[in-house]
Amino acid sequence: MTVLLYDLVGSDPTRPFSPHCWKVAFALAHKGLPFERVPTPFTAVAGVEGGKHKTVPVIREDGRTVGDSFEIALDLERRYPDRPTLFDGPGGEAAARFIERWAFLGLHPYLAQAAIMDIYDRLDPADQAHFRKSREARFGKKLEEIPLTRDERRPAFRASLEPLRSTLAMQPFLGGEGPLFTDYIVAGAFQWVRVVSNYEFLATDDPIRDWLDRCLDLHGGLGRQVPAAA
């Protein structure tokens with residue numbers, strides 16, 4: 001049975017961009033499960049599956065729903081133990097928890113603020129109003145002011161990625177010789193900004209780009225099905 005994936009989009013339903021939804025798309029493909037994206041703009045999230053979930057991603061499978069990207073990955077691992085593993089055991093699950101916290105605290109804040117106007121520009125008017133109100137409340141300033149320091153903050157952001165770089169110098173994926181959910185957590189963050197923004201978050205010669213290319217090529221080029229922002 002095809003899994004339904006409620007997937008965050010802007011005005012173009014063919015360009016899903018949520019990092020958390022991309023994590024789940026990669027995880028479903030990793031498990032070899034066919035899935036269908038349900039394009040879901042910001043203002044439609046509250047109505048997903050009767051309002052049982054406050055955020056997306058949400059998946060529906062066999063009449064049941066699961067929300068939260070990490071919980072979805074855990075659920076897939078439990079339900080399909082005979083398919084390729086997302087965690088490679090309890091230690092891998094614990095490591096993925098750490099990587100998720102690092103992504104939330106070390107990647108997402110800069111990426112979100114640097115790309116915030118690019119995201120806004122890709123939304124329908126109703127979603128723009130929702131996005132402006134929620135993000136201005138979160139950051140305590142006008143939306144247009146939020147990305148103004150992205151150039152001066154970019155060197156520090158790039159420097160903060162050195163643990164990722166040095167790890168990938170020793171192995172092709174964060175999961176080792178092949179990808180695990182840890183890779184999808186981080187790749188989802190970079191896919192997010194790849195889809196919405198043409199800002200150069202990484203230097204052109206950054207080896208992280210090679211790893212991201214490998215991730216985008218996985219599962220029949222799933223990540224490349226949505227072209228980079230022009």
Side-chain angles (χ1 to χ4, degrees), residues 6-25 39-48 53-58 67-70 99-165 184-204 206 208-209 212 215-216 223 226-230:
Y6 290 90
D7 211 350
L8 190 66
V9 299
S11 58
D12 184 345
T14 69
R15 297 185 65 82
F17 59 84
S18 163
H20 311 298
C21 294
W22 273 106
K23 281 185 262 181
V24 172
T40 309
F42 278 105
T43 49
V45 170
V48 167
H53 303 275
K54 302 299 184 184
T55 62
V56 291
V58 172
D68 180 85
S69 59
F70 207 100
I99 293 296
E100 184 176 63
R101 298 317 305 168
W102 173 74
F104 283 163
L105 299 174
L107 291 179
H108 287 222
Y110 177 77
L111 297 177
Q113 292 175 58
I116 200 162
M117 289 307 301
D118 299 301
I119 299 171
Y120 177 82
D121 289 341
R122 293 183 179 274
L123 305 180
D124 282 329
D127 291 299
Q128 285 182 330
H130 165 83
F131 188 79
R132 177 179 290 277
K133 181 178 180 181
S134 62
R135 271 51 180 184
E136 288 183 350
R138 179 183 301 178
F139 293 110
K141 59 181 70 175
K142 296 291 290 182
L143 204 68
E144 291 78 3
E145 297 173 359
I146 295 170
L148 293 180
T149 60
R150 67 182 185 176
D151 287 351
E152 63 188 74
R153 295 172 58 205
R154 184 167 58 181
F157 170 73
R158 289 177 174 177
S160 74
L161 302 177
E162 190 53 39
L164 177 60
R165 259 180 232 108
Y184 304 142
I185 291 169
V186 182
F190 285 109
Q191 177 74 330
W192 170 30
V193 292
R194 173 184 173 272
V195 168
V196 299
S197 177
N198 61 9
Y199 186 67
E200 293 290 340
F201 292 91
L202 299 172
T204 57
D206 194 322
I208 293 173
R209 287 179 178 268
L212 183 58
C215 290
L216 297 177
V226 181

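By convention here, the first residue in the shown sequence is residue 1. These numbers come from a predicted model, not from an experiment.
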Does the side-chain contact (heavy atoms from CB on, under 4.5 Å) test come out yes or no for V58 and T40, once each step is laid out? CA-CA 10 Å; V58 172; T40 309; over 6 Å; no
side-chain contact (heavy atoms from CB on, under 4.5 Å) assessment of M117 paired with L143: CA-CA 7 Å; M117 289 307 301; L143 204 68; 3.8 Å; yes
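Between the side chain of R154 and the backbone N or O of E200 there is at least one donor-acceptor pair closer than 3.5 Å. A donor-acceptor pair under 3.5 Å is formed between the side chain of R158 and the backbone N or O of F201. Although no hydrogens or angles enter the test, the distance criterion places a donor-acceptor pair under 3.5 Å between the side chain of R209 and the main chain of A203.
The CD atom of E136 lies 6.5 Å from the CD1 atom of I146; values are rounded to the nearest 0.5 Å. Considering OG1 of T43 and CD of Q128, their distance stands at 11.0 Å, rounded to 0.5 Å. Atom CZ of residue F17 and atom CG of residue L123 lie 5.5 Å apart, to the nearest 0.5 angstrom. The distance from atom CH2 of W102 to atom CG of L164, rounded to the nearest 0.5 Å, is 5.0 Å. We find the CH2-OG distance between W22 and S69 to be 14.5 Å, quoted to the nearest 0.5 Å. In this structure, E100 CD and H108 NE2 are separated by 8.5 Å, a value rounded to the nearest 0.5 Å.
Applying the ring-ring contact (aromatic ring centres under 6.0 Å, His included) rule to F70 yields the partners F87, F181; only residues at least two apart in sequence or on another chain are considered. Not counting sequence neighbours, the partners of D206 by the salt bridge (Lys or Arg N to Asp or Glu O under 4.0 Å) test are R165. By the salt bridge (Lys or Arg N to Asp or Glu O under 4.0 Å) test, D68 is found to be paired with no residue, residues two or more places apart in sequence or in another chain being considered. Looking at residues two or more places apart in sequence or on another chain, you find a ring-ring contact (aromatic ring centres under 6.0 Å, His included) between F42 and H130, F131. Listed by chain and residue number, nothing satisfies the salt bridge (Lys or Arg N to Asp or Glu O under 4.0 Å) test with E152 (two or more places apart in sequence, or in another chain).
Two residues are said to be in side-chain contact when any heavy atoms from C-beta on lie closer than 4.5 Å; S18 and K23 fail this criterion.
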Run the side-chain donor-acceptor check on residues 191-198: report pairs under 3.5 Å with partners two or more places apart or on a different chain.
{"unit_1": "Q191", "atom_1": "OE1", "unit_2": "R194", "atom_2": "NH1", "d": "3.0"}
{"unit_1": "Q191", "atom_1": "NE2", "unit_2": "G223", "atom_2": "O", "d": "2.8"}
{"unit_1": "R194", "atom_1": "NH1", "unit_2": "G223", "atom_2": "O", "d": "3.3"}
{"unit_1": "R194", "atom_1": "NH1", "unit_2": "V226", "atom_2": "O", "d": "2.8"}
{"unit_1": "R194", "atom_1": "NH2", "unit_2": "V226", "atom_2": "O", "d": "3.3"}
{"unit_1": "S197", "atom_1": "OG", "unit_2": "D118", "atom_2": "OD2", "d": "2.9"}
{"unit_1": "S197", "atom_1": "OG", "unit_2": "Y199", "atom_2": "N", "d": "3.1"}
{"unit_1": "N198", "atom_1": "ND2", "unit_2": "A230", "atom_2": "O", "d": "3.0"}

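Just one of E144, R150, E145 meets the side-chain contact (heavy atoms from CB on, under 4.5 Å) condition when paired with L148; it is E145.
In terms of heavy-atom proximity, A189 sits nearest to L107 at CB-CD1, 4.1 Å. Of all non-hydrogen atoms in G67 and H53, the two that sit nearest each other are N-CE1, 3.5 Å. Of all heavy-atom pairs spanning K54 and V45, the tightest one is O-CG1, 3.5 Å. Nearest heavy atoms, P16 versus V9: CA-CG1, 3.9 Å. When all heavy atoms of A103 and I185 are compared, the closest pair comes out as CB-CG2, 3.9 Å. Between D127 and P41, the closest heavy-atom pair is OD2-CB, 3.4 Å.
The aromatic rings of F157 and Y110 sit parallel, their planes meeting at an angle under 30°, below the 60° perpendicular limit.
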